[in-house]
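Worksheet: the structure to be examined is printed underneath.
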There are 2 protein chains.
Amino acid sequence: MTITKVFLNEDEIPRRWYNIAADLPSPIQPPLGPDGNPLTPEALSKIFPMNIIEQEASQERWVDIPEGILELLYRWRPAPLRRAVNLEKALGTPAKIYYKDESLSPPGSHKPNTAVAQAWYNKQFGTKTITTETGAGQWGSALSFACSLVGLECKVFMVRISFDQKPFRKIMMQTWGGKCIASPSNETEAGRRFLAKDPNTPGSLGMAISEAVEAAVTDPSGTTKYSLGSVLNHVMLHQTIIGLEAKAQLDKLGIKKPDVVIGCAGGGSNFAGLAFPFAYDKINGDDIEIIPVEPTSCPTMTRGIYAYDFGDTAGMTPLLAMHTLGHSFVPPPIHAGGLRYHGMAPLVCQGIVEGLMAPRAIGQIECYEAAVQWARTEGLIVAPESSHAVAAAIQEANKAKEEGKEKVILFNLSGHGAMDLSAYDRYLSGELQDHALPQEEIDRAESELKDLPKPEVKKTGKW
Amino acid sequence: MTITKVFLNEDEIPRRWYNIAADLPSPIQPPLGPDGNPLTPEALSKIFPMNIIEQEASQERWVDIPEGILELLYRWRPAPLRRAVNLEKALGTPAKIYYKDESLSPPGSHKPNTAVAQAWYNKQFGTKTITTETGAGQWGSALSFACSLVGLECKVFMVRISFDQKPFRKIMMQTWGGKCIASPSNETEAGRRFLAKDPNTPGSLGMAISEAVEAAVTDPSGTTKYSLGSVLNHVMLHQTIIGLEAKAQLDKLGIKKPDVVIGCAGGGSNFAGLAFPFAYDKINGDDIEIIPVEPTSCPTMTRGIYAYDFGDTAGMTPLLAMHTLGHSFVPPPIHAGGLRYHGMAPLVCQGIVEGLMAPRAIGQIECYEAAVQWARTEGLIVAPESSHAVAAAIQEANKAKEEGKEKVILFNLSGHGAMDLSAYDRYLSGELQDHALPQEEIDRAESELKDLPKPEVKKTGKW
């Protein structure tokens, strides 16, 4: 029997997270306030609890995972490491393709890895209610799930058009006891302002962020905090459990290192989660190719500008040092909602600038093609986001075949596609198309960003 | 850290199935043909491949699982055994609640356990195409998944009203390369007859069975066979992997035996899968309560008649010895489609008559209440079918609390509810109601069955 799955026993599970901020050659670029100066912890304390703010700025390489969070994580973890033997055969590649399966959490993706950690830290801090925003609902359902496990109220502002058109994630949140509100709403000053301007607005992630932050900072009791599901440093930290487990699992198989590590990247968290622990090995001398994958329609890392930019559309968040297509960028309506973001996690972007990681963009037709081949060989119907990682893994397996090399390819399968079947239907019916980004969009971004501060990170030339 | 999950290493996984037919006190009751005589293997060979027919009639206690099937099963197995510590706390029960999580297969339920076995045996036999019927689509998607893994064509006749109203399972089948046809269709004689009678018929499982069987037996090449996802002996056999894993896992925890074993039962396969290996221990002297759970609206085991009856509505299948509400019974439209069946697996029914198992019926409101409590304590949103097992586990945990006993309760979580969220929505909105079956329905069943042969099984009085 060919081994296609690796578990970890209780004594083999990782008990600390890895913080790449300790090892990047340049100092990490802090978030800036509206005055262009680095934000103080105090300035952030109305939004986040202090234990998370400290983690956000931490330079410690290894951070112990509290026992309470381990218990929550190991309700569904360790995520199995599997080998895609059927796909290898179908491709006729000498490469071995391994993947971490993050689809097995109750909400169906990697998102709960940070959701339970954030919920737990908030509970410790004394928070009673967590607010957040959600687009298609993946993050909102993960946070509702986490809050129900630790006993916190969860209030999710969900972009109105998704709230109306995609009721299933909303029902998930409600089943977990979360309160899901169509945004813009009448519950906040910002929401009322957006509605006054256009009562029929479909909403946007930018608007929903504004409402969620306002709902947190205006609670007079001070026990409501805000939570973000990607982009920030502490989110990347929490997700490194993925890569740390993968290392322990490869170790059990006697594999010293993978040659290629791949993850799809929207805000960066599932990619970073798998890749950062391997980036640590690369920094320490291992030869590993590390590839974040994005859609050609939203090519933040491959065509965006490395600059300080706002995290939201309305320009209300701190400025973050990242690759960006400009905060006013509106990506075409592709079916990987989690990859439709103008920016990217600052730690991932810094890794790219320094040469540790080499981003790649792939069109959605190739991604669905890969996803269907995956379903028919390996069995799982993956999320449209994850299909980008599958497509890149297939590219790399084909390259290994051309080169005649027995490479070890490792990728992150970030979630299942059970809630995205209509996208598969459109692909199978030949209704999907690719969208390449016109150069004018890059020009627009450049002009939008020209007066904002610039980060100070340089390519090292080491990698 | 409280251990809430148990894995099995490769050397600990079960390598044979358990066949309860070897141990039931009375001889197993064979299926009968239209003439009232036991069906010969030859008579079945136009429908099923001979290797499966042999298994259906086997009296061997232990059946080796072929290596090829083990490889398929262990792509997603072993299913974890978990302990529901949060629910225990919420209930304040001294009982320990363990469950097998069968929701982690790619199609989301226990169904693939037999689907991959049947696909593999058909492949060995030389079958090129498998036909089947499906109601809401759970079985059709499991078989499409299995066929794609072994390289067989799969043709699924899906009840038209589900085909139209529930497109997601259909898209799943198509993604796995299955051909999904709305039934009644123009592809079969039977389908054309049904359509001629009523061009707007919503279809029924009975009609779909007729079409799937016809499509198999009329293939002139003889390489098309039919497959059934529950009820038959070989399906129960394949599902015993669930209970055998559970025994190995309890063993690792040092638990000698569970006190109560629970599964929901529609056709009987997930219940039998968990329960039969424990029934073996009960036959050999262990004190174990074994409870199949059904909805009060379709109370086959608790109020049905033990008789020979047809498996389908149209009366085209062999006669099976089972508890039945009569083949013309139409259950009310509850949201657990997999439990809306007039009959039950003959092996389960024989176990009930002989006193090994004690069935229980629970109303759907209590089941959704249990499912929501489960989601908010244990995290997973379960299938409406599985909610019946959760509800019974809660009843037993509350009973243990009243009695002050530290019982070990084990149940089967047969699938996730990601495709059933609209049912949760209706429950949360207070729109669901319970349906008790009027006595007239039982009277109707009695008169419908009075001229059919009677099975010969008696209560042993042993248990």
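Lettering of chains follows the sequences in order, A, B, ..., and the numbering in each one begins at 1.
Proximity to chain B is limited to the side chain of N9(A), based on heavy atoms less than 4.5 angstrom apart.
At least one side-chain heavy atom of N86(A) sits less than 4.5 Å from a side-chain heavy atom of R75(B).
Contacts with chain B (heavy atom to heavy atom, under 4.5 Å) involve these residues of residues 369-386 of chain A, listed by number: V372(A), A375(A), R376(A), T377(A), E378(A), G379(A), L380(A), I381(A). Listed by sequence position, L421(A), S422(A), Y424(A), D425(A), L428(A) are the residues of residues 420-430 of chain A in contact with chain B, using a 4.5 angstrom heavy-atom cutoff. Using non-hydrogen atoms only and a strict 4.5 Å limit, the part of residues 137-151 of chain A facing chain B consists of F145(A), S148(A), L149(A). Contacts from residues 168-177 of chain B to chain A, taken as heavy-atom pairs separated by less than 4.5 Å, involve F168(B), I171(B), M172(B), Q174(B), T175(B), W176(B), G177(B) in sequence order.
By the neighbour-count criterion of 12 heavy atoms within 6.0 Å, atom CD of E153(A) is sparsely surrounded, having that number or fewer from other residues, nucleotides or ligands. The local environment of NZ in K252(B) is crowded, with over 12 non-hydrogen atoms from other residues, nucleotides or ligands closer than 6.0 Å.
Counting heavy-atom pairs closer than 4.5 Å to chain A, the top residue among P112(B), P78(B), A418(B) is P78(B).
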